[in-house]
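Notes follow once the structure below has been shown.
Values reported hereafter were calculated over all heavy atoms of this structure, with side chains retained and with hydrogens, waters and symmetry mates removed.
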Amino acid sequence: MRLRNKPWAKEKIVAYPQYIIPQPEQYKGRWHELFSNGHPIHIEIGTGKGRFITEMAKMNPHINYVGIELYESVIVCALDKLIENNLPNLRLLNVNAKDLTNIFAKGEVERIYLNFSDPWPKKRHEKRRLTYRAFLELYENILVDEGEIHFKTDNRGLFEYSLVSFSQYGLVLQYVSIDLHRSGFEGNVMTEYEQKFSEKGNPIYRCEAKYRKPMS
C-alpha cells in the first residue's frame, strides 16, 4: 500500500492525547485505570483507517479496544472516526507492534485482531510477517491464558503460511474459512480494505486460533 504523506499528521496526533495515548508504556499493567473499568481488552494490530475497530467498539460497549497503527498518515483517519464517535471504550496507539510487551503486562489482553496485514511475500522478509513465530511468542506474553488471535486476509499465501505457523507454535485452530463472505459467518465487521477487495469478487480468508492452556 502506497502511503500518502500527511505532514500535518504528527501535529494532529499530539493535539488529541485523550484518544491517541502518548507514552502508553506508563499504563502497562494498569490499563483498567485508563478505561476506568475492568472490562476485557481486545487489540487490533494494524488498525489502518479504523473502520473495523470503531464499529467493534460501538457494537460491544462491554469490551475495551486498543487500535495499534505504526503509520502517522494512516492513524489520523482512525482518529477522525474516534473524534466523531467519542467512544469511551476505544483508544489508539501510534507504536510498533514489536513494543507490545513494553505496553501491556501478561494477561492484560484477551484477544488480538490481525486484519489484512502486510503479507511480506518474499522469503527473506518472513520475520516481518505478523504471524511469524516470534510475533506469536510476543502475543502470548501479553494475552490471558487461552487467549485468541482472530486473523483475516485476502492473501492466500499469507493465510496458508499463517495456518502452518499457528499450528507449529501449538495454537488450536477453532475456525477456518477460505471464503468468509459466502460461509454464513455472522457478525463480521469489514475493514475498508476488505470491502474494496470483496467487491471485486476476491475471497476473504479468516481463522480463529487459540493458545493452549499452560501445563500446571
Check: Sub-3.5 Å donor-acceptor pair from the side chain of T191 to the main-chain atoms of E194, do we have one?
Finding: yes

Note to self: If we count only N and O atoms by modelled type, under 3.5 Å, do the side chains of E108 and H32 hold a donor and an acceptor together?
What the structure shows: no

Check: Under 3.5 Å, is there a donor-acceptor pair between the side chain of W120 and the main chain of L130?
Finding: no

Check: Y205 pairs by ring pair (Phe, Tyr, Trp, His ring centres under 6.0 Å) with which of F197, F185, F116, F159?
Finding: F159

Notebook entry, point to check: With sequence neighbours left out, what residues match E160 under salt bridge (Lys or Arg N to Asp or Glu O under 4.0 Å)?
Noted result: R156

Next item on the list: Could you pull out the closest heavy-atom pair between F35 and L90, with the gap in Å?
Entry: CE2-N, 4.0 Å

Notebook entry, point to check: Does atom NZ of K106 have more than 12 heavy-atom neighbours, drawn from other residues, nucleotides or ligands, at distances under 6.0 Å?
Noted result: yes

Notebook entry, point to check: Between L100 and F135, is a side-chain contact (heavy atoms from CB on, under 4.5 Å) present by the stated rule, with each step listed?
Noted result: CA-CA 10 Å; L100 284 174; F135 279 106; over 6 Å; no

Checklist line | Connected via hydrophobic side-chain network under 4.5 Å: L173 and I112 | finding: yes

Next item on the list: Please report the closest heavy-atom contact between S198 and I204, naming both atoms and the distance.
Entry: CB-CG1, 4.3 Å

Next item on the list: Would you name the heavy atoms of I149 and Y211 that are closest together and state the gap between them?
Entry: CD1-OH, 3.7 Å

Next item on the list: In plain terms, say whether E72 and K6 are close enough for a salt bridge, that is, a side-chain N and a carboxylate O under 4.0 Å apart.
Entry: no

Margin query: If the threshold is 4.0 Å, N to carboxylate O, is there a salt bridge linking K200 and D154?
Written below: no

Item checked: Derivation and outcome, side-chain hydrogen bond (donor to acceptor under 3.5 Å, both in side chains), residues E126 and Y161 -> CA-CA 10 Å; E126 178 185 8; Y161 169 87; 3.0 Å; yes

Notebook entry, point to check: Do NZ/NE/NH1/NH2 and the carboxylate oxygens of K49 and E192 come within less than 4.0 Å?
Noted result: no

Margin query: Using every non-hydrogen atom in the two residues, find where S183 and Y175 come nearest and quote the distance to one decimal.
Written below: OG-OH, 3.4 Å

Hey, can you pull the donor-acceptor pairs under 3.5 Å for the side chains in residues 20-30, sequence neighbours left out?
{"from": "Q26", "atom 1": "NE2", "to": "P22", "atom 2": "O", "distance (Å)": "3.4"}
{"from": "Q26", "atom 1": "NE2", "to": "Q23", "atom 2": "O", "distance (Å)": "3.3"}
{"from": "K28", "atom 1": "NZ", "to": "T101", "atom 2": "O", "distance (Å)": "2.8"}
{"from": "R30", "atom 1": "NE", "to": "Q26", "atom 2": "O", "distance (Å)": "3.1"}
{"from": "R30", "atom 1": "NH1", "to": "E33", "atom 2": "OE1", "distance (Å)": "2.7"}
{"from": "R30", "atom 1": "NH2", "to": "Q26", "atom 2": "O", "distance (Å)": "3.0"}

